[in-house]
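To keep things clear, I will list the structure first and then write my remarks on it.
Throughout, residue positions are numbered sequentially from 1 according to the sequence presented. Note that ligands are numbered from 1 as they come in the structure, with each ligand's atoms numbered from 1 the same way. Because the structure is predicted, anything quoted here is derived from the model rather than measured.
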Amino acid sequence: MDVAERDRRYVARAEPADGVQVARSDGCFVFDHHGKKYIDFTAGWCVGNLGWGNDEVRGAIRDFDGPAYVHPDHLYRPWAELAEALAGVVPVKRAKCYRATGGSEAVEIALQVAMAATGRTGFVALAGCYHGNTLGPRSLAGDRDRYPNLLAHCHRVGPPLDDRAAARVERLLEGGKVAAFVMEPVVCNLGVLIPSGEFMTRVRAACRETGTLFVADEVATGFGRTGKLFASEHFDLDPDVVCLAKAITAGYAPMGAAVVSGDVADAAGVGFYSTYGWHPLSVAAALANLRYWGKYKDRVLANVAAQGDYFRARLGGMPFAERGAIRVTGLAIGIEFAEESDYAAKLADRCRDAGLLVSADEDNLLTLFPALTVEREVARQGLDILERCL
Ligand SMILES: Cc1ncc(COP(=O)(O)O)c(C=O)c1O
């Protein structure tokens with residue numbers, strides 16, 4: 001039985017895998033089992049931000065000599081070190097970290113902390129959002145046809161994220177029943193939707209006035225993706241909670257974190273056991289990732305700005321068969337085609353055959369998330385492939 005057949009039979013998925021059988025990854029490239037080389041403009045969807053095989057992180061994993069496992073009740077020096085390091089870079093006041101295994105768990109923790117801290121049950125999020133696959137995040141998204149028993153009192157506000165949307169959020173928060181407003185500060189899951197500064201300022205202020213927590217889901221945007229270490233920084237936003245995962249270990253091990261302001265953590269007074277939250281090996285990878293960012297942040301973010309400009313210019317000049325809205329923030333790049341179109345999905349298939357990996361998040365939404373370390377020549381080659389596939 002070949003791998004595709006075995007996968008179809010035993011691995012549960014909504015749709016069959018895309019056919020790329022990954023054997024190896026290196027920098028901005030993924031290689032399949034035949035040795036075919038793909039330029040990777042997905043970075044595993046905002047995971048391998050430093051390119052695959054970052055020496056610092058790989059070295060930390062290779063040299064890891066710590067305990068196999070640490071019981072959550074014990075002290076473990078690297079846990080305290082990692083929490084302190086995150087508190088030093090994440091824009092949350094007097095931050096404390098809850099350990100988690102990934103993004104869904106981090107968001108789930110944020111929602112439960114918000115309920116415990118405020119004594120409220122409501123949530124407001126963006127229409128069409130994605131915050132993970134557990135029932136809390138799914139409740140924010142609101143897919144009641146498939147999951148009828150989602151959390152009650154979840155409200156959604158649709159784009160564009162302008163003054164009118166801000167006014168809708170303000171009205172929803174007025175009654176004092178909403179525990180938290182939750183969003184990605186740059187919405188990667190809606191094709192890199194960029195909120196207006198006014199929207200962010202008004203919503204943050206409304207949260208403060210009504211005692212509602214502002215939860216920034218930086219699972220996808222965190223660690224440089226949008227040109228700042230965290231996307232909240234574009235808006236001088238100081239969220240009550242920041243959720244992290246994906247690039248927190250540069251792709252080397254699973255991890256999530258809910259970074260919560262000290263006041264909120266104290267008011268909530270709750271804990272989360274999380275058996276595998278912050279496994280020692282994952283912590284070694286995350287600490288190495290943070291060390292890398294500590295040393296090379298300016299250099300990486302300068303490259304993000306330069307290559308982001310190049311992507312914007314090239315994409316703006318491309319003869320797409322359909323008119324699309326092109327949105328670029330750092331190296332978070334989204335192209336949205338007309339709602340009923342399946343152009344993005346077809347384009348992603350053609351690119352893959354031609355040796356370029358891009359994501360069609362919906363049939364009409366194409367996203368490009370190249371490694372933040374991508375070189376101009378690789379960016380050029382990848383964009384040449386995309387252009388040939390139009
Ligand atoms: C913004 C956002 N939040 C949360 C999640 C869930 O993260 P995980 O897949 O690690 O559970 C994702 C995953 O794509 C995401 O994009």
| task | Please identify each residue that fulfils salt bridge (Lys or Arg N to Asp or Glu O under 4.0 Å) with Glu362, with sequence neighbours left out. | result | none

| note | protein heavy-atom neighbour closest to atom 7 (O) of ligand 1 works out as Gly103 CA, 3.2 Å

| Salt bridge check: are Asp309 and Arg314 linked by an N-O gap of less than 4.0 Å? | no

| For ligand 1, is any non-hydrogen atom under 4.0 Å from Trp45's backbone (N, CA, C, O), its side chain (CB onward), both, or neither? | side chain

| field | Partner set under side-chain hydrogen bond (donor to acceptor under 3.5 Å, both in side chains) for Lys297, not counting sequence neighbours | value | none

| query | Backbone N or O of Thr329 within a donor-acceptor pair of the Thr226 side chain at under 3.5 Å? | reply | no

| request: Just need the protein heavy atom nearest to atom 9 (O) of ligand 1, so name the residue and atom and give the distance. | output: Ser104 OG, 4.4 Å

| note | When distances are taken from atom 2 (C) of ligand 1, the protein heavy atom at minimum range is Asp217 OD2, 3.4 Å

| query | Should the proximity of Lys246 to ligand 1, defined as any heavy atom under 4.0 Å, be assigned to the side chain, the backbone, both, or neither? | reply | side chain

| query | With a 4.0 Å heavy-atom cut-off (strictly under), which part of Asn189 contacts ligand 1: side chain, backbone, both or neither? | reply | side chain

| said: Can a donor-acceptor pair be found, under 3.5 Å and without considering hydrogens, that links the side chain of Arg168 to the backbone of Gly158? | reply: yes

